[in-house]
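Heads up, the thing below is written out as C-alpha cells.
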Amino acid sequence: MTAFTGRKLLRLAVSVLAASTATAALAASPQTGGTLKIVGTADIDHFDPTSAALVTSNNFLRAVSRQLISYAASTDDEAMLEPKGDLATEVPQPTNGGLTYTFTLRDGVAWDAPDGPRPMVAADFERGMKRMCNPFLGSAALTYYVDLIEGMRGFCDGFAAVEPTAAAMKDYIENNDISGIETPNDKTIVINLTETAGDFVYMLSLPTSAPAPVEVLDYMPDGPDYRDNFIASGPYTVETYVPDSTIKLMRNPAWTTESDPLRGGYVDNIDITFGIQPDAAIQQLQAGDADMTYDIIIPPAILQMLTATGDDKLTTMSVGRTSFLWFNTLTDNNDGALRDLRIRQAVQYAIDKAAIVQQMGGPMVAAPQNGIFGPGVLGFHAFDLYPSEDSAGDPEKAKALLAEAGYPDGITLKMPFRNQNAEPAIAQTIQASLKKAGIEIELTPVAPSDYYSKFMTNQENTKAGLWDIAPVGWSPDWVGGAARSVFQPQFTYNGTHQTYNYVDYDNPEANTIAKQAINATTPEQAAKLWGEVDELVMQDSPVAPYTTENVILYHGAAVENFQPYALGAQGDWTNVWLSR
C-alpha cells in the first residue's frame with residue numbers, strides 16, 4: 001500500500017503520561033450530550049468506506065459505519081489489538097481445515113435508510129465486498145482479498161468489463177455473486193477461503209470490508225450524490241458537509257447502544273473543522289475552543305513545551321510506522337555499485353540512527369529501527385544485523401566494507417527527499433553521518449507531490465539513476481497480525497513490477513516462509529515465521545531501516561475517557577464524553 005500516506009497502521013503501544021489522571025477519567029461516570037469539536041488540516045479522503053485509505057479517515061468511519069470485526073478502545077496494549085465481534089456476535093473459529101468462517105449478525109443492527117431504520121442483513125455484507133471490485137473507484141485493500149476469498153478474482157475480472165455508470169454497476173453487483181461468500185439467511189454469512197490465513201479476521205476490521213445498503217448502488221461510488229445521501233450504520237450520521245471546511249455529524253436514529261458492544265456514542269454531535277494549522281490547533285485545544293485533533297502533527301517546539309510542563313493530556317502511540325532508505329539496485333550509477341551487498345551493508349553501518357531520533361524530537365517521538373517490521377507487528381523481534389554502539393553508527397566498519405568492495409576512497413550517492421516537515425533536517429542528518437564513513441550524499445529536495453511519481457515509482461527514472469538511495473516509510477494496513485501488509489507490497493516479486501517494490505527485490509526463500517506464515521493457524525507460529533522473513537530480507541539489505549515512529553496525541557481538558565482506537569491512531573470519538 002502507499003508509503004507515507006498515513007493510511008496504514010500497526011500495533012499500537014500507548015503510554016499515558018499521567019496514569020492517575022487516566023484512571024480517574026476511566027472511573028468517572030459516562031456523561032451524554034454536548035458537541036465534540038475536532039480540528040484538522042486536510043479534508044477526509046473518502047466518505048465511502050470501500051475506498052477510504054487514510055488512517056485519519058478510519059476515525060470518521062468508526063463513527064458512521066461498522067464492520068463484522070473491530071476493536072475495543074483501550075489503553076491496554078493487548079486489549080486494543082484483540083479482534084472483537086462488531087456486527088458479528090463473536091469472532092468465529094474457522095472450520096473446514098481453516099478455510100471456512102461463519103459469522104452471525106447481531107440483533108438490532110440497522111441502516112439509517114431514507115424510509116426509516118431498516119435491519120442490516122447478510123446480503124449487505126456481500127454487497128460491500130462486491131463494491132471493492134469496482135474499477136471506477138475500488139479499494140486500496142482489494143489485493144489482500146481478491147485471491148483469498150473463493151471466486152472473488154473471477155467476480156472482479158468480470159467487473160472490469162462493466163460500463164462505468166451507476167446503473168450498469170448496480171446491475172452487475174446485484175445479478176452476479178462471489179462464490180466464496182454465502183448468505184443462507186439474513187443473519188448468517190459464510191466465507192470460504194482458497195487457503196488458510198491466520199490474519200483474515202484482522203483484515204475484516206478494515207472499513208473497506210464494511211457492508212453496503214442497496215441504496216448506495218444508485219450513485220457513483222463516493223460521488224457527490226453518494227455523499228449527499230449518505231446512509232450510516234454507526235452511532236452518528238452526516239448532517240452537513242462543506243468540502244475542505246467542515247463535517248458535522250449528528251446522532252444516527254437507527255443506532256442503539258444495545259446493538260453495539262464497542263461504541264458508547266456519548267456526545268450528541270461531532271463537528272470537524274479543516275484548514276487549521278498545527279500551532280493554531282494546539283492553541284484552540286488549550287483554550288477550550290476545540291477538544292481533539294484530526295490529522296495534526298504536534299510541532300517539536302510545542303511538544304517540548306508540553307513535555308516540560310508535564311501536561312497530562314499528552315499521549316504517545318507507537319503506530320508501527322518504519323522509516324528506511326531504499327537502495328536502487330537497478331541503476332548503473334557508480335558502475336552498478338549498489339548491486340554489491342557490501343556497499344549496501346556499508347550504508348547500514350554508517351547511519352547514525354540515534355541522531356535521527358533526536359532530530360525527530362527524541363525517544364518520545366521515535367526509536368531506532370533494525371528490521372522491516374515495526375514494534376507490535378506479529379513477527380517483530382529484537383535483532384540487529386548491522387549493530388553499532390548506542391545505534392550511533394560505525395563509520396570504521398562502513399569504511400572497511402567500502403574498501404573491500406573496491407571503493408577505498410569512498411563513494412558518492414544521489415538522495416532525493418521530500419521538502420516538507422522534518423524531512424529536510426533528517427536528510428541532512430543522514431548526509432552528515434554517511435560522510436563520516438566516506439559516503440558523500442548529493443541531496444535533491446523534491447516537492448511532496450512529485451517524490452513518488454518522479455522518483456520512487458517511476459521505473460524509467462529509477463533505472464536511469466535519478467536516485468541511488470531514498471528515504472521512505474511504511475505503516476501496516478491493519479493492526480495485530482499485519483506482517484503480510486508490510487511484506488507483500490514491498491518485498492515480493494512475481495515477474496511483474498509492483499508499485500512499492502521499487503527495484504523488483506525478490507527472495508524466493510523469504511517468499512516461501514512468508515506463505516507459511518500467512519497460512520499459520522496460531523499467532524505463535526506466525527510470529528516465528530515472520531521473524532525469519534524479517535532476518536532473511538535484512539540479510540539481503542534491500543533497505544536500511546533507521547527509525548520507527550510514534551504518534552503524539554493531545555486533547556482538550558473537557559475530554560474524558562480518552563481511549564485510543566487502534567485503526568485510527570487517535571482517541572475514539574465514539575467513546576469519549578465531555579465534562580463541560
Side-chain angles (χ1 to χ4, degrees), residues 1-5 7-8 140 143 321-348 350-351 369 371-372 402 405-407 410-420 423-424 426-428 430-431 434 439-475 485-508 510-511 536-547:
M1 311 304 285
T2 309
F4 276 136
T5 59
R7 73 170 185 254
K8 293 162 283 205
T143 181
R321 170 170 160 172
T322 56
S323 296
F324 37 74
L325 297 175
W326 264 97
F327 292 106
N328 184 358
T329 54
L330 298 180
T331 177
D332 291 328
N333 290 351
N334 295 298
D335 297 321
L338 285 176
R339 289 193 279 272
D340 189 322
L341 176 62
R342 294 168 296 184
I343 301 292
R344 304 197 300 274
Q345 290 176 332
V347 175
Q348 300 269 15
I351 297 176
Q369 172 70 14
I372 65 172
L402 288 175
Y407 291 85
I411 192 172
T412 298
L413 302 175
K414 302 175 184 177
M415 190 178 91
F417 64 92
R418 296 195 301 178
N419 194 18
Q420 68 172 15
E423 293 183 47
I426 292 171
Q428 291 169 9
I430 294 172
Q431 180 187 46
L434 268 58
I439 303 171
E440 296 288 342
I441 300 299
E442 296 179 353
L443 294 178
T444 302
V446 180
S449 59
D450 292 337
Y451 189 66
Y452 286 94
S453 62
K454 292 186 178 180
F455 289 87
M456 305 308 301
T457 62
N458 188 309
Q459 277 282 284
E460 288 187 11
N461 290 343
T462 295
K463 292 177 179 177
L466 264 65
W467 64 278
D468 294 307
I469 59 175
V472 300
W474 198 269
S475 300
S485 73
V486 177
F487 177 76
Q488 182 175 315
Q490 298 182 99
F491 301 104
T492 59
Y493 178 66
N494 61 4
T496 302
H497 176 67
Q498 300 180 56
T499 302
Y500 305 112
N501 185 346
Y502 307 110
V503 297
D504 297 337
Y505 167 75
D506 187 39
N507 182 320
N511 295 342
L536 282 169
V537 171
M538 289 310 302
Q539 287 172 19
D540 291 340
S541 187
V543 296
Y546 50 85
T547 58

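Throughout, numbering of the chain's residues begins at 1 and tracks the sequence.
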Ignoring hydrogens, what is the shortest heavy-atom contact between [X] and [Y]? Give both atom names and the distance.
X      : Y      : answer
Phe324 : Gln490 : CZ-OE1, 3.3 Å
Thr331 : Thr462 : CB-O, 3.8 Å
Leu402 : Gly410 : CD1-CA, 4.4 Å
Tyr451 : Pro416 : OH-O, 3.5 Å
Val537 : Ala510 : CG2-CB, 4.5 Å
Met415 : Pro471 : CG-CD, 3.8 Å

Side-chain ([X]) to main-chain ([Y]) donor-acceptor, under 3.5 angstrom:
X      : Y      : value
Asn501 : Thr492 : yes
Asn461 : Lys454 : yes
Gln431 : Leu443 : no
Asn334 : Ala337 : no
Asp332 : Gly336 : no
Arg418 : Pro448 : no

Under the side chain to side chain contact (heavy atoms under 4.5 Å, CB included) rule, what do Leu325 and Val543 come out as? Steps first, then yes or no, please.
CA-CA 5 Å; Leu325 297 175; Val543 296; over 6 Å; no
Tell me, with the steps shown, if Met538 and Ile372 meet side chain to side chain contact (heavy atoms under 4.5 Å, CB included).
CA-CA 8 Å; Met538 289 310 302; Ile372 65 172; 4.2 Å; yes
State yes or no: are the ring centers of Tyr452 and Trp326 separated by less than 6.0 Å?
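Ring centres of Trp326 and Tyr452 not closer than 6.0 Å.
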If you apply the rule ring pair (Phe, Tyr, Trp, His ring centres under 6.0 Å), what do you find for Tyr500 with Trp474, and how did you get there?
CA-CA 10 Å; Tyr500 305 112; Trp474 198 269; 5.6 Å; yes
Rounded to the nearest 0.5 Å, what's the gap from [atom1] on [X] to [atom2] on [Y]? Could you check?
X      : Y      : atom1 : atom2 : answer
Ile430 : Ile439 : CD1   : CD1   : 12.0 Å
Leu466 : Met456 : CG    : CE    : 12.0 Å
Asp540 : Phe491 : CG    : CZ    : 10.5 Å
Gln539 : Leu341 : CD    : CG    : 9.5 Å
Phe417 : Phe455 : CZ    : CZ    : 10.5 Å
Phe327 : Ile469 : CZ    : CD1   : 7.0 Å

Could you tell me if Asn333 and Asp468 have a donor-acceptor pair between their side chains, going purely by distance under 3.5 Å?
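Per modelled atom types, Asp468 and Asn333 side chains form a pair under 3.5 Å.
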Do Tyr502 and Asn328 have side-chain atoms, one donor and one acceptor, less than 3.5 Å apart?
no
Evaluate salt bridge (Lys or Arg N to Asp or Glu O under 4.0 Å) for Lys414 paired with Glu442, printing each intermediate quantity in order.
CA-CA 5 Å; Lys414 302 175 184 177; Glu442 296 179 353; 5.8 Å; no
For Asn494, does the CG atom sit with more than 12 other heavy atoms under 6.0 Å from it, leaving out its own atoms?
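For Asn494, atom CG is crowded (more than 12 foreign heavy atoms under 6.0 Å).
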Apply side chain to side chain donor-acceptor pair (under 3.5 Å) to Gln348 and Ser541, showing your working.
CA-CA 8 Å; Gln348 300 269 15; Ser541 187; 2.7 Å; yes
One pair to check against side chain to side chain contact (heavy atoms under 4.5 Å, CB included): Gln498 and Asp504. What are the steps and the verdict?
CA-CA 7 Å; Gln498 300 180 56; Asp504 297 337; 5.9 Å; no
